[in-house]
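Scroll down for the structure; my scribbles are underneath it.
Both ligands and their constituent atoms are indexed starting at 1 by order of listing.
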Amino acid sequence: MKRVVIDCDVGVDDAMALILAYGSQELEIKAITGVNGNVPLNQVFENIQKILSLIRPFYPPLIAKGADKPLTGETLYAHSVHGIDGLGGADIPINETERFWETSPLKASELLPTMARQFPKELMLIATGPLTNLALGIQRDFEGMKNFKEIIIMGGAIRTRGNTTPYAEFNIYSDPLAARIVLESGIPITLVPLDVTHQVFLTSDLMEQKIKPLQNLLSNFIIQATGYESLSRKFRNRETIFLHDPLAVGVAIDPTLVRTENLSLEVELQRGEYYGRIKERAADAKINVCLEVDRKRFLELFISSLRKRT
Ligand code: BDR
Ligand code: CA
């Protein structure tokens with residue numbers, strides 16, 4: 001079992017990432033921390049509890065709130081993609097009577113290095129939102145954060161177009177200074193950028209043939225959260241739904257799903273056209289960047305994680 005902590009901004013695809021993490025036999029989830037991102041922090045924290053109520057994990061993870069705003073700049077929410085509540089309006093009651101999580105008294109920026117110290121060079125950190133909590137953790141206790149074995153980050157658009165500006169991806173654009181602090185920390189990092197996450201998506205064929213027939217709580221959640229309708233064969237007004245964050249979890253479960261290259265990267269902090277872009281530079285290569293993915297094998301892994309529950 002690989003022990004992991006997940007820092008997220010739930011988010012429809014963050015929710016699917018949590019479902020994949022719990023559906024795999026390979027990961028043991030020690031903690032889940034929330035960061036301001038797709039939706040405001042309090043909504044993220046509520047959504048973590050909703051998804052845990054849906055998954056009903058056998059071992060309750062610690063959960064903690066993190067930053068409610070980026071280190072610099074204004075907050076940018078993604079309600080147009082994830083809905084007002086961040087879960088596409090999916091109806092999930094929070095279960096407060098059973099123990100599906102334990103709330104940490106610590107803020108994420110303290111919990112992250114504390115947990116890394118507890119399991120030196122053993123814990124993996126998977127980040128699927130803006131990198132504010134990680135940067136604050138580094139500023140607060142760099143020595144502690146260095147105990148993470150690896151950080152897997154969904155973020156960036158390296159040799160492809162951005163999704164928030166023509167050059168920048170949402171998680172990096174939302175807090176470029178935090179991204180720079182994390183990418184330059186020297187902690188081992190695997191980056192899962194749009195170059196690969198744009199290769200993995202749900203289609204109407206997958207929904208009709210593989211997901212709808214499962215008829216369980218998880219498949220029903222995916223149908224609701226993505227707004228999939230058989231009649232139009234669309235996800236609200238979209239043809240496909242990208243599995244950005246689930247792919248970061250997929251890479252933690254099975255790194256052979258992707259081909260990586262070691263690159264030297266720099267985050268653009270200058271306001272203007274290129275703000276939040278990650279660019280390659282000619283210097284010591286330090287970041288392991290995913291550039292190709294075995295789409296079919298990843299989708300099989302994702303769908304198999306939905307089968308395990310009723
Ligand atoms: C990233 O942005 C968010 O909207 C998604 O949850 C994902 O983490 C993709 O750019
Ligand atoms: Ca996310």
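Leu301 and Val4 end up in the same hydrophobic cluster when Ile, Leu, Val, Met, Phe, Trp and Tyr side chains are linked at under 4.5 Å. Follow the hydrophobic side-chain contacts under 4.5 Å out from Phe221 and you reach Ile223 in the same cluster.
Between Glu110 and Lys107 there is no salt bridge, since none of the side-chain N atoms of the basic residue sits less than 4.0 Å from a carboxylate O of the acidic one. With respect to the salt-bridge test (charged N to carboxylate O, under 4.0 angstrom), the residues Glu261 and Arg159 qualify. Taking the charged nitrogens against the carboxylate oxygens, Lys2 and Glu28 have no contact shorter than 4.0 Å, which rules out a salt bridge.
Asp9 places no side-chain N or O within 3.5 Å of a backbone atom of Val35 that could act as its donor or acceptor partner.
Take a cut-off of 3.0 Å around the Ca ion (ligand 2): the protein N, O or S atoms inside it are Asp9 OD1, Asp14 OD1, Asp14 OD2, Thr128 O, Asp245 OD2.
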Between the protein and ligand 1, which nitrogen or oxygen pairs come in under 3.5 Å, and how far apart is each?
unit_1   : atom_1 : unit_2 : atom_2 : d
ligand 1 : 4 (O)  : Asn38  : OD1    : 2.7
ligand 1 : 4 (O)  : His82  : NE2    : 3.0
ligand 1 : 6 (O)  : Asp13  : OD1    : 2.5
ligand 1 : 6 (O)  : Asp13  : OD2    : 3.4
ligand 1 : 6 (O)  : Asp14  : OD1    : 3.0
ligand 1 : 6 (O)  : Asn38  : ND2    : 3.1
ligand 1 : 6 (O)  : Asp245 : OD2    : 3.0
ligand 1 : 8 (O)  : Thr128 : O      : 3.0
ligand 1 : 8 (O)  : Asn171 : ND2    : 3.0
ligand 1 : 8 (O)  : Asp245 : OD1    : 2.6
ligand 1 : 8 (O)  : Asp245 : OD2    : 3.0
ligand 1 : 10 (O) : Asn163 : ND2    : 2.8
ligand 1 : 10 (O) : Glu169 : OE2    : 2.5

Evaluate the criterion side-chain contact (heavy atoms from CB on, under 4.5 Å) for residue pair Phe302 and Ile222; output intermediate values, then yes/no. CA-CA 12 Å; Phe302 178 72; Ile222 291 185; 3.9 Å; yes

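For the pairing with Asn36, the side-chain hydrogen bond (donor to acceptor under 3.5 Å, both in side chains) check across Asn133, Asp175, Thr75 returns one residue only, Thr75.
Ring geometry, Phe201 versus Phe242: the interplanar angle exceeds 60°, so the pair is classed perpendicular (tilted spans 30 to 60°).
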